[in-house]
Amino acid sequence: MAGHSDSSSSEKKSSEAMNDVPTFSTENMQNNMKVIYYSRTFMSIIGGVIAGILGFTGFMGFIFYFLVMAITSIGLIAKAKFSVHLYFDSWNRIILDGFMGGLMSFVLFWTYPFFLAVLHGHTIALAVKP
């Protein structure tokens, strides 16, 4: 009959539901999060130096930071072979985590090369004379 369920089918359904729940190793998850933070910090430093050398100021520098972080997120997703849920518990981990910490590193390394360029009266990118 439709709507009738016996106890053996309900036990089978509950055991199947237990198998569908993904399990994560906390040690592996922490290691994956470290990789995200290190990658974002490294790319923030490199991006900040490039932005300073190119002489980006104001809003243009922050747009460059968002572009660098978008490229970093795409790179991390590609490194995970586009199967983010095998390595992280949500998409937010790979897209947003470490974003603000990277911003501080970016600003620090953005202003220093820019300051050196202004101090010497020209941009570093145009310092080579023909």
Side-chain angles (χ1 to χ4, degrees):
M1 284 188 128
H4 180 270
S5 63
D6 55 354
S7 63
S8 64
S9 67
S10 66
E11 288 175 7
K12 186 184 271 186
K13 287 181 184 177
S14 66
S15 67
E16 288 175 2
M18 294 284 285
N19 291 334
D20 290 341
V21 175
T23 57
F24 294 103
S25 167
T26 56
E27 185 177 325
N28 291 341
M29 184 70 76
Q30 288 175 348
N31 186 39
N32 293 342
M33 293 308 299
K34 283 181 188 177
V35 168
I36 286 179
Y37 285 120
Y38 293 151
S39 299
R40 287 203 185 276
T41 302
F42 177 75
M43 290 302 294
S44 296
I45 291 169
I46 297 300
V49 169
I50 292 171
I53 289 172
L54 294 177
F56 291 151
T57 58
F59 195 60
M60 190 64 164
F62 289 106
I63 290 173
F64 185 74
Y65 174 73
F66 291 124
L67 179 68
V68 168
M69 286 298 105
I71 291 169
T72 303
S73 294
I74 291 169
L76 290 169
I77 292 169
K79 178 73 175 167
K81 298 178 183 159
F82 300 97
S83 300
V84 174
H85 291 291
L86 292 177
Y87 302 99
F88 304 98
D89 57 350
S90 71
W91 281 91
N92 289 340
R93 295 273 186 195
I94 201 164
I95 294 175
L96 298 176
D97 277 1
F99 195 78
M100 293 309 289
L103 181 61
M104 299 303 164
S105 298
F106 176 82
V107 170
L108 175 68
F109 284 91
W110 171 28
T111 55
Y112 186 68
F114 184 74
F115 171 73
L116 289 177
V118 171
L119 183 68
H120 293 292
H122 52 48
T123 60
I124 296 171
L126 301 175
V128 179
K129 295 180 182 178

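Side-chain atoms are counted along with the backbone in the values below, which use heavy atoms only and exclude waters and symmetry mates.
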Once rounded to the nearest 0.5 Å, what's the spacing between atom [atom1] of [X] and atom [atom2] of [Y]?
X      : Y      : atom1 : atom2 : value
Ser83  : Ile77  : OG    : CD1   : 11.0 Å
Ile71  : Leu67  : CD1   : CG    : 4.0 Å
Leu86  : Asn32  : CG    : CG    : 10.5 Å
Lys79  : Ser39  : NZ    : OG    : 9.5 Å
Leu103 : Trp110 : CG    : CH2   : 9.0 Å

Taking Leu108's backbone N and O only, do any of them form a donor-acceptor pair with Thr111's side chain (distance below 3.5 Å, no angle check)? yes
Any sub-3.5 Å donor-acceptor pair from Tyr65's side-chain atoms to Gly47's backbone N or O? no
Could you state whether [X] and [Y] fall into the same hydrophobic cluster, counting links through intermediate Ile, Leu, Val, Met, Phe, Trp or Tyr residues with side-chain heavy atoms under 4.5 angstrom apart?
X      : Y     : value
Ile45  : Tyr38 : no
Met104 : Phe59 : no
Phe82  : Val35 : no

Does some side-chain heavy atom of [Y] sit less than 4.5 Å from a side-chain heavy atom of [X]?
X     : Y     : answer
Phe64 : Ile50 : yes
Phe56 : Ile63 : no
Val49 : Ile53 : yes

Minimum heavy-atom separation for [X] to [Y], with atom names?
X      : Y      : value
Met43  : Val68  : O-CG1, 3.6 Å
Phe106 : Ala51  : CZ-CB, 3.9 Å
Phe62  : Val107 : CE2-CG2, 4.1 Å

Hey, are Arg40 and Ser105 close enough side-chain-wise for a donor-acceptor pair under 3.5 Å? no
I would like to know whether Ser44 and Met69 meet side-chain contact (heavy atoms from CB on, under 4.5 Å); could you show each step before the answer? CA-CA 8 Å; Ser44 296; Met69 286 298 105; 3.4 Å; yes
